[in-house]
Amino acid sequence: MRSERHKKAAKNDHMLIHNDIVVLATDGVTDNVFDEQIIDQCLKPHMKASGDLPKPEDAALCISSLAESISYSETIVTPWTENATAAGKDRKKNTGGKEDDITVIVAQVKLHH
């Protein structure tokens, strides 16, 4: 018998092309960091003009460090804040970072013909 705590993971299919960047992250990241922050602060600075991401591990470290630093804030507006407010919860009681486990994997698709 499965407990309610162990829910099934969502299954998604995505079409990927050469040089697409894939970021897999736990909710310790997604509750604290907006997608735009990940792109602007952690992916773009590590990319070459060609679109190559030579060291995806550097981008992953940047993302995890950003998520951790935000998790300690008591006043910042996060994706968690936005989702709680959209669900009708008090914005003031849901500002600030959310402490949680943080795991990030960054990979770049390389297709060779």
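Remember, predicted model here, so these are calculated numbers, not experimental data. The first residue of the sequence shown is numbered 1, and numbering continues consecutively from there.
Judged as a side-chain contact (heavy atoms from CB on, under 4.5 Å), and not counting sequence neighbours, the contacts of Ser50 are Lys48, Asp52.
Sorted by first and then second residue, the pairs that involve residues 55-71 and meet side chain to side chain donor-acceptor pair (under 3.5 Å), not counting sequence neighbours, are Glu68-Tyr72. Within the structure, disulfide bond (SG atoms under 2.5 Å apart) contacts touching residues 14-56 (residues at least two apart or in different chains) are Cys42-Cys62.
Minimum heavy-atom separation, Gln108 to Gly51: NE2-O, 2.7 Å. Closest heavy-atom contact between Gly28 and Ala67: O-CB, 3.8 Å.
Two residues are said to be in side-chain contact when any heavy atoms from C-beta on lie closer than 4.5 Å; Arg91 and Glu82 meet this criterion.
How far NE2 of His18 is from NE2 of His112: 7.0 Å, rounded to the nearest 0.5 Å. Atoms CG and NE2, from Leu61 and His46 in turn, are 8.0 Å apart once rounded to the nearest 0.5 Å.
Each of Val109 and Ile17 belongs to its own hydrophobic cluster when Ile, Leu, Val, Met, Phe, Trp and Tyr are linked at side-chain heavy-atom distances under 4.5 angstrom.
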Result block: side-chain N/O donor-acceptor pairs under 3.5 angstrom for residues 92-101, not counting sequence neighbours:
from  : atom 1 : to    : atom 2 : distance (Å)
Asn94 : ND2    : Asp90 : O      : 2.9
Thr95 : OG1    : Lys92 : O      : 3.4
Lys98 : NZ     : Asp31 : OD2    : 3.3

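Taking Ile, Leu, Val, Met, Phe, Trp and Tyr as hydrophobic and joining them when side-chain heavy atoms fall under 4.5 Å apart, one finds Leu66 in a cluster with Ile21, Val23, Val29, Val33, Ile38, Ile39, Leu43, Met47, Leu53, Ile63, Ile70, Ile76, Ile102, Val104, Val106. Its side chain outside the 4.5 Å cluster rule for every partner, Trp80 clusters with none of the Ile, Leu, Val, Met, Phe, Trp and Tyr residues.
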